[in-house]
Amino acid sequence: MQTKQHEILETINYFAAFYKNLSDGCFHIIPIGTVDYRNYESSVFLSMHNTLGSLKTILEENRINDAFVLTRKLFDDVLCDIYISLKRLDESEEKMESETFAKWRYEFWRIPDTTSIQNTIETNQRTASLYKLFDWDSNSFYNSFRKSLNASVHNNIYLRYVINCPDYVGVDRLKYLDVLNEMLLENFRRHIAFLLLLCPNCLASSDYMDNLEMGDDPIDGSQYWLAPYFQEAYDKLILPYRSLDVFLREASVMDIGAEM
């Protein structure tokens with residue numbers, strides 16, 4: 001099977017559109033803990049949209065190891081987004097602008113390592129319960145994904161050079177594409193779940209504001225409706241996981257659609 005026929009390209013196209021919608025939908029919302037004139041999250045989501053575009057281009061050229069390297073970036077993007085959201089929310093309880101966010105936004109500030117970020121997510125009261133619903137330990141498939149991605153970044157396995165050479169024969173590239181697709185889906189599943197807790201106003205449909213701009217009274221509770229594209233992604237990645245679905249319906253302020 002050629003790369004252009006593999007389902008991973010459908011996954012990439014779907015989530016490239018998803019992050020573009022996220023970026024557009026939250027542009028004018030000022031997040032708690034920031035004083036910027038626009039939502040920094042809009043740039044984060046647009047960057048992820050663009051990275052997915054680069055990932056698609058690379059895969060269409062059958063440079064699979066380069067695709068692993070870019071996927072590692074997307075994993076880091078999600079962890080960084082969760083971490084910065086936690087810091088700005090916590091620190092905004094005492095100051096209008098989060099000190100951590102300001103350093104990261106306006107200066108060079110090194111994001112903590114993966115273990116430190118995961119420890120923060122695990123121990124923070126905002127995310128501790130959600131953290132437990134995902135497997136993060138050293139033997140988890142999520143950790144095995146990260147180890148595999150790191151192997152590509154640091155050239156720890158000779159075969160990763162080989163899968164980056166489209167003309168080499170005797171390599172089961174389909175196996176690598178299957179794994180890469182699983183990695184992307186798991187990464188985006190986690191991002192969707194944490195966004196529902198940490199950035200709910202970025203996910204809302206336009207109905208509430210549309211009514212206000214038209215001079216009509218908004219439907220009661222419509223400010224909590226999920227944007228259709230986000231509800232669709234939720235149904236694809238979260239709804240099949242019963243315990244995760246039940247938790248998010250109870251923990252998020254958003255009005256999540258029909259249950260399975």
Side-chain angles (χ1 to χ4, degrees), residues 18-51 73-131 190-213 217-218 220-227 229-230 234 247-256:
F18 172 85
Y19 281 106
K20 183 63 166 64
N21 284 327
L22 261 179
S23 176
D24 292 344
C26 72
F27 183 83
H28 296 295
I29 299 169
I30 307 303
I32 296 171
T34 74
V35 294
D36 211 341
Y37 68 95
R38 67 179 182 183
N39 191 335
Y40 78 95
E41 289 272 34
S42 180
S43 298
V44 171
F45 300 145
L46 184 59
S47 175
M48 294 180 70
H49 160 81
N50 290 334
T51 298
K73 178 186 180 300
L74 288 166
F75 269 60
D76 290 346
D77 286 344
V78 168
L79 281 181
C80 178
D81 187 47
I82 295 170
Y83 180 80
I84 291 296
S85 292
L86 278 174
K87 299 301 286 187
R88 67 172 173 77
L89 288 170
D90 288 346
E91 294 172 5
S92 66
E93 293 178 358
E94 297 182 0
K95 295 182 179 180
M96 181 175 292
E97 183 172 36
S98 158
E99 182 177 349
T100 298
F101 172 79
K103 287 180 180 178
W104 178 70
R105 170 68 176 83
Y106 303 109
E107 307 171 18
F108 174 85
W109 184 75
R110 187 178 180 86
I111 294 292
D113 61 54
T114 299
T115 300
S116 297
I117 291 177
Q118 290 182 190
N119 287 340
T120 298
I121 300 170
E122 181 180 16
T123 57
N124 191 288
Q125 64 179 356
R126 300 178 193 274
T127 50
S129 296
L130 179 56
Y131 181 93
R190 294 179 186 228
H191 202 195
I192 287 171
F194 282 95
L195 284 170
L196 276 162
L197 290 191
L198 302 177
C199 308
N201 54 345
C202 290
L203 322 175
S205 74
S206 64
D207 295 80
Y208 185 84
M209 292 304 299
D210 288 346
N211 277 286
L212 287 179
E213 290 172 2
D217 292 332
D220 188 38
S222 59
Q223 67 268 39
Y224 302 115
W225 293 352
L226 285 176
Y229 75 87
F230 196 93
Y234 182 97
F247 172 82
L248 288 170
R249 289 178 188 278
E250 295 177 353
S252 177
V253 300
M254 301 305 289
D255 183 8
I256 299 171

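Worth knowing before you read on, the calculation uses all heavy atoms, side chains too, and leaves out hydrogens, waters and symmetry mates. Predicted model only: the values in this text are computed from it and were never measured.
Heavy-atom minimum distance, Met254 versus Leu203: CE-C, 4.5 Å. When all heavy atoms of Asn119 and Thr123 are compared, the closest pair comes out as O-OG1, 2.8 Å. In terms of heavy atoms, Arg126 sits closest to Asp90 at NE-OD1, 2.8 Å. Of all heavy-atom pairs spanning Ser252 and Leu197, the tightest one is N-CD2, 4.2 Å.
Counting only residues at least two apart or on different chains, no salt bridge (Lys or Arg N to Asp or Glu O under 4.0 Å) pair has a member in residues 195-205. Here salt bridge (Lys or Arg N to Asp or Glu O under 4.0 Å) pairs that include residues 192-201, with residues two or more places apart or in two chains, number zero.
In this structure, Glu99 places its CD atom where only 12 or fewer heavy-atom neighbours from other residues, nucleotides or ligands lie under 6.0 Å away. By the neighbour-count criterion of 12 heavy atoms within 6.0 Å, atom CD1 of Ile117 is densely surrounded, having more than that number from other residues, nucleotides or ligands. Heavy-atom neighbours of Lys73 NZ from other residues, nucleotides or ligands within 6.0 Å: above the threshold of 12.
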Could you walk me through whether Arg88 and Thr34 satisfy the side chain to side chain contact (heavy atoms under 4.5 Å, CB included) test, starting with their C-alpha distance in whole Å, then the side-chain angles of each, then the deciding distance to 0.1 Å, before giving a yes or no? CA-CA 7 Å; Arg88 67 172 173 77; Thr34 74; 4.1 Å; yes
Go through the steps to decide whether Glu41 and Leu22 satisfy the test side chain to side chain contact (heavy atoms under 4.5 Å, CB included), and finish with yes or no. CA-CA 9 Å; Glu41 289 272 34; Leu22 261 179; over 6 Å; no
For Leu195 and Asp81, what are the C-alpha separation, side-chain angles and deciding distance, and is it a side chain to side chain contact (heavy atoms under 4.5 Å, CB included)? CA-CA 9 Å; Leu195 284 170; Asp81 187 47; 3.9 Å; yes
With side chain to side chain contact (heavy atoms under 4.5 Å, CB included) as the test, would you mind laying out the steps for Asn124 and Tyr131 before giving the verdict? CA-CA 9 Å; Asn124 191 288; Tyr131 181 93; over 6 Å; no
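Outside the 6.0 Å centre-distance limit, the rings of Trp104 and Tyr83 are not counted as a close aromatic pair.
Shown here are the ring-ring contact (aromatic ring centres under 6.0 Å, His included) partners of Tyr19, two or more places apart in sequence or in another chain: Phe188, His191. Under the ring-ring contact (aromatic ring centres under 6.0 Å, His included) criterion, Phe18 pairs with Phe15, Tyr229, Phe230, not counting sequence neighbours. Annotation: ring-ring contact (aromatic ring centres under 6.0 Å, His included) contacts of Tyr234 (sequence neighbours excluded): none. Listed by chain and residue number, Arg72, Arg146 satisfy the salt bridge (Lys or Arg N to Asp or Glu O under 4.0 Å) test with Asp76 (two or more places apart in sequence, or in another chain).
Atom CD1 in Ile84 sits 11.5 Å away from atom SG in Cys199 (nearest 0.5 Å). Distance check: Leu248 CG to Ile192 CD1 gives 10.0 Å after rounding to the nearest 0.5 Å. Here the CZ atom belonging to Phe27 is positioned 15.0 Å from the OH atom belonging to Tyr40, to the nearest 0.5 angstrom. Atom CD1 of Ile111 sits about 11.5 Å away from atom OG of Ser116, to the nearest 0.5 Å. The distance from atom OG1 of Thr127 to atom CZ of Phe194, rounded to the nearest 0.5 Å, is 6.0 Å. The CZ atom of Arg249 sits 10.0 Å away from atom CG of Leu196, with the distance rounded to the nearest 0.5 Å.
Considering only heavy atoms from C-beta on, Ile82 stays 4.5 Å or farther from Thr120 through its side chain. Using a 4.5 Å cut-off on side-chain heavy atoms (C-beta onward), Val44 and Asp77 make no contact.
A distance-only check finds a donor-acceptor pair linking the side chain of Glu91 to the backbone of Thr100 [under 3.5 Å].
Asn39 and Ser42 form no side-chain donor-acceptor contact under 3.5 Å, judged by distance and modelled atom types alone.
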